[in-house]
Protein chains: 2
Amino acid sequence: MLKQQDRLDPLFQAFADTTRRAMVDRLSKGPASVSELAEPLAMSLSAVVQHLQVLEAGGLVSSQKVGRVRTCRLEPLAMGTAETWIADRLCAWEQRLDRLAEFLAEDRDPDRANDHPRQRSTS
Amino acid sequence: MLKQQDRLDPLFQAFADTTRRAMVDRLSKGPASVSELAEPLAMSLSAVVQHLQVLEAGGLVSSQKVGRVRTCRLEPLAMGTAETWIADRLCAWEQRLDRLAEFLAEDRDPDRANDHPRQRSTS
DNA sequence: CTGTTGTTTAAGCATATACTTAAGTATAGC
DNA sequence: GCTATACTTAAGTATATGCTTAAACAACAG
């Protein structure tokens, strides 16, 4: 099982631009063609297509062409991968705070010091 | 109340690099000095400081100097801002699926079509 | 076949990123 | 004061990004 950590760079890169986030926001309301995506954006169609490539490289968006129109849709799994990465670190941060609070509680109430074996300063 | 949408670019940019995510990961386990952050990384201290500046520009990390050592810590609020932005779009995407399922259910069971007034194809 | 629509590709350009090395500054300890 | 430690700053460089314009191309519509 290969780590997909390698794919996180282009994934987060895809989010790091206002225009691309606007496109993701649009696609969260449902699939859209390239020109529908471009319509509210103040730039050339060509630029939009390039942003689309960045979004696809990040795995955030997939698309398929039918006739002459390319329909784009959001990839919720990739969205979830990004969200989870952040949530995991927030969780670790909070757990550390919990342990800190526990440690401080033991200092206040030494009788409970043995609940969780832990070194305490004896100086 | 000014939108903080402007700050999302540098926020997500901060996540878009393996080295910086490693630093965030380290800081999720607790505060660290600049050299502690740099120690596991295969690059110059100078490069690490520059990554740190990107993290601070994104609001993900804050730091303060005491004596000659700068201590860095994670900013959970900024982490939450990024997570929430993604979660909100995922939520919108799922709600659209729900409405779609509802619509299809009405098609299968026309008696319930009036529960939620909605146009249906008559062709 | 001919034009319009929807996209695609290529080339070019200004700025931003991700480093490097080298030199500088500010404590802390002896 | 002298020296090691912990950064800090500056300058340089290679590659990446975010656009632009112009020129295809492909699929309908008449």
Side-chain angles (χ1 to χ4, degrees), chain A residues 5-27 30-74 78 82, chain B residues 5-27 30-74 78 82:
Chain A
Q5 187 198 17
D6 336 316
R7 300 189 178 173
L8 288 177
D9 269 36
L11 175 52
F12 281 110
Q13 187 73 263
F15 284 115
D17 180 279
T18 304
T19 300
R20 287 193 293 267
R21 284 195 309 281
M23 291 167 77
V24 167
D25 191 49
R26 166 62 188 83
L27 290 174
S33 70
V34 174
S35 20
E36 278 166 357
L37 278 177
E39 192 264 326
L41 303 173
M43 65 182 64
S44 71
L45 220 196
S46 189
V48 172
V49 170
Q50 287 169 66
H51 280 302
L52 195 54
Q53 286 167 356
V54 175
L55 289 167
E56 295 204 40
L60 267 182
V61 168
S62 66
S63 67
Q64 58 178 16
K65 201 165 182 175
V66 175
R68 58 185 166 173
V69 23
R70 174 170 302 278
T71 301
C72 309
R73 64 192 68 249
L74 208 57
Chain B
Q5 186 197 18
D6 337 315
R7 299 189 179 172
L8 289 177
D9 269 35
L11 174 53
F12 280 111
Q13 188 72 266
F15 285 116
D17 179 280
T18 305
T19 299
R20 286 194 294 267
R21 283 195 309 279
M23 293 168 75
V24 166
D25 191 49
R26 166 62 189 81
L27 291 175
S33 71
V34 174
S35 19
E36 278 168 355
L37 278 178
E39 192 265 325
L41 303 172
M43 66 182 62
S44 70
L45 220 198
S46 190
V48 172
V49 170
Q50 286 169 66
H51 279 303
L52 194 54
Q53 286 166 356
V54 176
L55 288 168
E56 295 204 41
L60 266 183
V61 169
S62 67
S63 69
Q64 57 179 14
K65 201 166 183 175
V66 175
R68 59 187 164 172
V69 24
R70 174 169 301 277
T71 300
C72 309
R73 64 192 67 249
L74 207 57

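In the text below, chain A, chain B and the rest are named by the order of the sequence lines, each starting its count at 1.
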Notebook entry, point to check: Within the pair A:R70 and C:dG6, is there a side-chain N or O less than 4.0 Å away from OP1 or OP2?
Noted result: no
Note to self: Whether B:K65 contacts D:dT8 is assessed here as follows: a side-chain N or O lying under 4.0 Å from the phosphate OP1 or OP2. Is that the case?
What the structure shows: yes
Margin query: Looking at B:Q50 and D:dT8, is any side-chain donor or acceptor paired with a base atom of the opposite kind under 3.5 Å?
Written below: no
Margin query: Check this for me: does the side-chain of B:S46 come within 3.5 Å of the base of D:dT9 through a donor and an acceptor?
Written below: yes
Note to self: Checking side-chain contact (heavy atoms from CB on, under 4.5 Å) between B:R26 and each of B:R21, B:E36, B:E39, which is the one that passes?
What the structure shows: B:E36
Next item on the list: Would you kindly give the CE-to-P distance between A:M43 and D:dG18, to the nearest whole Å?
Entry: 10 Å
Item checked: Whole angstrom value for the distance that separates C1' of C:dT17 from CZ of A:F12 -> 19 Å
Checklist line | Flag, side chain of A:R7 to backbone of A:A78, donor-acceptor distance under 3.5 Å | finding: no
Note to self: If I take atom CG in residue B:L45 and atom P in nucleotide C:dT20, what distance separates them, rounded to the nearest angstrom?
What the structure shows: 11 Å
Next item on the list: Check if the side chain of A:Q53 and the base of C:dT8 share a donor-acceptor pair of N or O atoms closer than 3.5 Å.
Entry: no
Next item on the list: Give the rounded distance in Å between these two atoms: CG of A:D17 and P of C:dT15.
Entry: 17 Å
Next item on the list: Rounded to the nearest angstrom, tell me the gap between atom CD in B:Q13 and atom P in D:dT17.
Entry: 9 Å
Note to self: Should the side chain of B:R68 and the base of D:dA6 be counted as holding a donor-acceptor pair, with the cut-off at 3.5 Å?
What the structure shows: no
Next item on the list: Map A:T19 and B:S35 onto DNA chain D by nearest heavy atom, then report which one ends up closer to the 5' terminus.
Entry: B:S35
Notebook entry, point to check: What integer distance in Å separates B:D9:CG from C:dT15:C1'?
Noted result: 15 Å
Next item on the list: Let me know the distance between CD of A:E39 and P of C:dG6, rounded to the nearest Å.
Entry: 12 Å
Item checked: Option among B:V61, B:D17, B:L37 that satisfies the side-chain contact (heavy atoms from CB on, under 4.5 Å) test with B:H51 -> B:D17
Notebook entry, point to check: Choosing from C:dC19, C:dT8, D:dC7, which nucleotide comes nearest the side chain of A:V49?
Noted result: C:dT8
Item checked: Residue pair B:L45, B:V34: steps toward the side chain to side chain contact (heavy atoms under 4.5 Å, CB included) verdict -> CA-CA 8 Å; B:L45 220 198; B:V34 174; 3.5 Å; yes
Notebook entry, point to check: Should B:H51 be listed as having a side-chain N or O under 4.0 Å from OP1 or OP2 of C:dT17?
Noted result: no
Notebook entry, point to check: Taking atom P of D:dG18 as reference, at what distance in whole Å does atom CG of A:L55 sit?
Noted result: 10 Å
Notebook entry, point to check: Does A:S44 or A:G67 map to a spot on DNA chain D nearer the 5' end, using the closest nucleotide for each?
Noted result: A:S44
Checklist line | Flag side-chain contact, heavy atom, 4.5 Å: B:V24 against B:L55 | finding: yes
